[in-house]
Amino acid sequence: MSTPSRRPRADLVCRDAVDEARAALLDAVGTDHVGDHLGHEVHGERVLSHQFESRQTGYDGWRWSVVVTRAPRQRDVTVNEIVLLPGPAAVVAPEWVPYRERVQPGDLGPGDLLPPDEDDPRLVPSWVAGDEMSDPLVDDSSVRPVAEEIGLGRVRVLSLEGRDAAVQRWYEGSQGPESEHAQSAPAPCRTCGFLVPIAGPLSTVFGVCANESAPDDGRIVALNHGCGAHSEGDPVRTPRAVELPPPVFDTYATDELSVF
């Protein structure tokens with residue numbers, strides 16, 4: 001049975017070298033930027049860092065860390081490193097997010113370029129996508145359309161992963177059955193005369209709206225999506241009940257009584 005590893009104990013000489021650590025810190029950054037001693041942190045055998053409050057402008061909550069050590073059987077410490085580190089209450093920059101992951105739908109403007117990565121999982125070579133032997137998960141309904149693309153100019157085509165991601169994104173978005181327009185629609189898009197069918201494996205789930213008065217004109221919509229511009233909607237508009245404001249008692253004017 002293995003015994004748990006023990007944390008190294010603070011070396012007494014290094015622990016007591018607060019004055020030496022402060023002197024080295026003041027010599028490096030000046031007296032105006034150093035505050036009180038905040039304690040120490042053990043890093044290894046005969047190695048620890050003394051923490052000092054930072055009074056550097058713009059670095060509230062940060063702390064100076066002065067690393068000290070000593071050689072075996074020596075009574076003098078050596079300052080190895082002085083760094084400024086964020087404390088628990090420090091204001092730090094947010095975690096870096098790569099540029100490609102920060103781009104959101106609608107961010108690209110005219111002239112902007114966003115080429116896909118070489119290993120983008122949403123795309124596969126056109127000569128691989130239609131090969132049942134190389135991809136046992138290939139959709140049979142997509143084999144023929146993809147095979148026809150070979151040699152016609154498209155180097156890569158949509159993979160099953162890319163297609164499934166697009167289907168989920170569209171179906172759960174504003175073009176799906178859970179949107180506010182769909183919930184209040186008189187009927188689904190599959191029964192609308194303005195729906196233009198599409199070809200391919202997505203034809204059983206989506207179509208294109210061709211009603212200029214609809215909010216999704218020219219966009220892919222789910223067959224069970226809907227809106228108030230449905231071709232078979234009731235042309236009789238039901239008037240909405242007007243909600244009247246609560247009555248207000250006039251406490252400023254007085255009623256005049258007429259005496260006959």
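Values below: all heavy atoms of this structure, side chains included; hydrogens, waters and symmetry mates excluded.
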Query - Residue pair Val79 / Val67, side-chain heavy-atom distance below 4.5 Å - result: no
Query raised in the report: Roughly how far apart are Leu85 CG and Glu41 CD, rounded to 0.5 Å?
Result: 9.0 Å
Report task. Just grab all the side-chain hydrogen bond (donor to acceptor under 3.5 Å, both in side chains) pairs involving residues 199-217, residues at least two apart or on different chains. Result -> Asp216-Arg219, Asp216-His225
Report summary line: Grouping ILVMFWY residues whenever side-chain heavy atoms fall under 4.5 Å, the cluster of Val97 otherwise contains none
Query raised in the report: What pairs with Gln168 under side-chain hydrogen bond (donor to acceptor under 3.5 Å, both in side chains), at least two apart in sequence or on another chain?
Result: Glu172
Query raised in the report: Does anything in residues 62-88 pair up under ring-ring contact (aromatic ring centres under 6.0 Å, His included), and if so which pairs, sequence neighbours excluded?
Result: Tyr59-Trp62
Query - Distance-minimising heavy-atom pair for Arg46 and Pro72 - result: NH2-CG, 3.2 Å
Query raised in the report: When clusters are formed by joining ILVMFWY residues with side-chain heavy atoms under 4.5 Å apart, either directly or through shared neighbours, do Leu38 and Val66 land in the same one?
Result: no
Requested in this report: Look only at the side chain of Ser54 and the backbone of Arg63, and say whether a donor-acceptor pair between them is shorter than 3.5 Å.
Outcome: no
Query raised in the report: Considering only heavy atoms from C-beta outward, does the side chain of Glu232 approach that of Pro186 to under 4.5 Å?
Result: no
Requested in this report: Output every pair passing ring-ring contact (aromatic ring centres under 6.0 Å, His included) with a member in residues 30-50, not counting sequence neighbours, ordered by first then second residue.
Outcome: His37-His50, His37-Phe52
Query - Heavy-atom pair of closest approach, residues Gly226 and Ala185 - result: C-CB, 3.4 Å
**Report entry** Counterpart residues, side-chain hydrogen bond (donor to acceptor under 3.5 Å, both in side chains), relative to Thr191 (two or more places apart)
**Finding:** His230
Query raised in the report: Same hydrophobic cluster for Val83 and Leu25, using side-chain heavy-atom links shorter than 4.5 Å among ILVMFWY?
Result: no
Query raised in the report: So which residues get pulled into Trp170's cluster when ILVMFWY side chains under 4.5 Å apart are joined, directly or through others?
Result: Val167, Tyr171, Val196, Ile198, Leu202, Val205, Phe206, Val208, Ile220
Query raised in the report: In chain order, what residues pass the side chain to side chain contact (heavy atoms under 4.5 Å, CB included) check against Pro245, with sequence neighbours excluded?
Result: none
Report task. Specify the closest pair of heavy atoms between Ala90 and Gly61, including all atoms of both residues, with the distance to one decimal. Result -> CB-O, 3.6 Å
**Report entry** Check against side chain to side chain contact (heavy atoms under 4.5 Å, CB included), Asp32 and Arg55
**Finding:** CA-CA 7 Å; Asp32 296 337; Arg55 294 179 178 172; over 6 Å; no
Query raised in the report: Are Val91 and Asp60 close enough that some pair of their side-chain heavy atoms sits under 4.5 Å apart?
Result: no
Report task. Apply side chain to side chain contact (heavy atoms under 4.5 Å, CB included) to Glu20 and list each qualifying residue two or more places apart in sequence or on a separate chain. Result -> Ala17, Val77
Query raised in the report: Between Gly176 and Ala222, which heavy-atom pair has the shortest distance, and what is it?
Result: CA-CB, 4.2 Å
Query raised in the report: So which pairs with a foot in residues 70-92 pass side-chain hydrogen bond (donor to acceptor under 3.5 Å, both in side chains), sequence neighbours left out?
Result: Asp11-Arg70
Query raised in the report: Can you find a pair of side-chain heavy atoms, one from Cys189 and one from Leu223, that are under 4.5 Å apart?
Result: no
Query raised in the report: So which heavy atom on Pro86 is nearest to which on Val92, and how close?
Result: CB-CG1, 3.5 Å
**Report entry** For the student: nearest non-hydrogen atoms of Arg22 and Val34, plus distance
**Finding:** NH1-CG1, 3.8 Å
Report task. Name all residues meeting the side chain to side chain contact (heavy atoms under 4.5 Å, CB included) criterion together with Glu178; count only those two or more places apart in sequence or in a different chain, and write none if there are none. Result -> Gln183
Query - With sequence neighbours excluded, residues passing salt bridge (Lys or Arg N to Asp or Glu O under 4.0 Å) with Arg15 - result: none
